Amino acid sequence: MAISETAQRVLVAAVGIPVAVALVFAGGWFLTFLLALVAVLCAREFYVMAELKGARPLHLVGTVLSAGFVFLAALAPSGGSNVAGFAMLTTLAVMIAVTAAIWTRGADGAPLLATATTIFGAYYTGALLAHGIFLRNLPGVDGAWHGTALVFAPVLLTWASDTFAYFVGRRWGTRKLIPRVSPGKTVQGAVGAVIGTVAVAVAYMWVLDSFSTYRIT
């Protein structure tokens, strides 16, 4: 018997959220490997989408780079991207990607497009997700629960936006938002996402305000 999309979402949330909270609370290498895995999966999905538009990214270079940002952050969790060495890693990756693109595809194989897509995909996934480690270990964080709450602030709001858009769109959605980009999105769903996300953010403010540092008000 097929499971509905709504049931699938509820099931994934029921299983995934407790596991994610536990790993973020544990921090350290538990959080690092979680974010590295997510970064690799996201980078692969990004490259697949890029290939549909004619780009030819270097999957191996990009996924390794994406995970590399996360592991660099784990080596300097309280220092930020500059201390972790993101700029040096990016420079090295660009040189490797350009060389690999020219070597494997030749000068006529759009090596610059392949390099740009590869580096951007890795940065968009791995470098951004690595900031979950920086948030978890911000100097002055008031314990493990505070670090966990900070990490889940953007996660929760993203999830809230997607959830409100989905349910409001299914219930009241009639007018398509941008059919050529995402045929399933509706104007009503987008409005519901904005209103719902703001409401969740206001509610979450009370959670962060219970800590002594990095409060909203």
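Note that the structure is predicted; figures quoted are calculated from it, not measured. Counting begins at 1 with the first residue of the sequence.
The OG atom of S66 sits 9.5 Å away from the CG atom of L128 when rounded to the nearest 0.5 Å. For the atom pair L208 CG and D142 CG, the distance stands at 11.5 Å (nearest 0.5 Å). Expressed to the nearest 0.5 Å, how far OG1 of T186 lies from CZ of R175 amounts to 11.0 Å. Separation of atoms CZ (F69) and CD1 (I133) is listed at 13.0 Å; rounding is to 0.5 Å.
Sorted by first and then second residue, the side chain to side chain donor-acceptor pair (under 3.5 Å) pairs with a member in residues 45-58 read E51-H59; sequence neighbours excluded. Listed by first and then second residue, the salt bridge (Lys or Arg N to Asp or Glu O under 4.0 Å) pairs that reach into residues 144-165 are R9-D162, sequence neighbours excluded.
The nearest pair of heavy atoms linking V207 to A149 is CG1-CB, 4.5 Å. Nearest heavy atoms, A100 versus L58: CB-CD1, 4.1 Å. Of all heavy-atom pairs spanning F164 and T197, the tightest one is CD1-N, 4.3 Å. L135 and P154 get closest at one heavy-atom pair: CD1-CG, 4.4 Å. Of all non-hydrogen atoms in V70 and A130, the two that sit nearest each other are CA-CB, 3.9 Å. In this structure, G62 and A122 approach most closely via the heavy-atom pair O-CB, 3.5 Å.
Side-chain atoms of L138 and F134, non-hydrogen and from C-beta on, never get closer than 4.5 Å to each other. Using a 4.5 Å heavy-atom cutoff, the side chains of C42 and V38 are in contact. Using a 4.5 Å heavy-atom cutoff, the side chains of R136 and L31 are in contact. Between Y214 and V141 there is a side-chain heavy-atom pair separated by less than 4.5 Å. Residues Q188 and T174 have side chains in contact (heavy-atom distance under 4.5 Å, counting atoms from C-beta outward).
When atom types are taken as modelled, the side chain of K176 and the backbone of P183 share a donor-acceptor pair closer than 3.5 angstrom. Using modelled atom types, one side-chain atom of T213 and one backbone atom of G140 make a donor-acceptor pair closer than 3.5 Å. Judged purely by atom type and a 3.5 angstrom limit, T32 uses its side chain to pair as donor or acceptor with the backbone of G28.
By the rule that hydrophobic residues join a cluster once side-chain heavy atoms approach within less than 4.5 Å of another member, I102 and V61 end up as members of separate clusters. Transitive grouping of hydrophobic side chains (ILVMFWY, heavy atoms separated by less than 4.5 Å) keeps W29 and V24 in distinct clusters. L34 is connected to F30 through a chain of hydrophobic side-chain contacts under 4.5 Å among Ile, Leu, Val, Met, Phe, Trp and Tyr, so both are in one cluster. Under a hydrophobic-cluster definition in which Ile, Leu, Val, Met, Phe, Trp and Tyr are linked whenever side-chain heavy atoms come within less than 4.5 Å, directly or via other members, V15 and L41 are assigned to different clusters. One hydrophobic cluster holds both V151 and W145 under the rule that ILVMFWY side chains link at heavy-atom gaps under 4.5 Å.
In this structure, W172 belongs to a hydrophobic cluster whose other members, linked by side-chain heavy atoms under 4.5 Å apart, are V168.
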Donor-acceptor pairs are to be reported for all side-chain atoms of residues 88-98 against protein atoms at under 3.5 Å, with residues two or more places apart or in another chain.
unit_1	atom_1	unit_2	atom_2	d
T90	OG1	F86	O	2.8
T91	OG1	A87	O	2.9

Do any side-chain atoms of residues 72-84 form donor-acceptor pairs under 3.5 angstrom with protein atoms, and if so which ones, sequence neighbours left out?
unit_1	atom_1	unit_2	atom_2	d
S78	OG	N137	O	3.1

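When the ring pair (Phe, Tyr, Trp, His ring centres under 6.0 Å) test is applied to F211, the partners found at least two apart in sequence or on another chain are H146.
Between F152 and F25, the ring center distance fails the sub-6.0 Å criterion. Taking the centre of each ring, F46 and F120 come in below the 6.0 Å mark.
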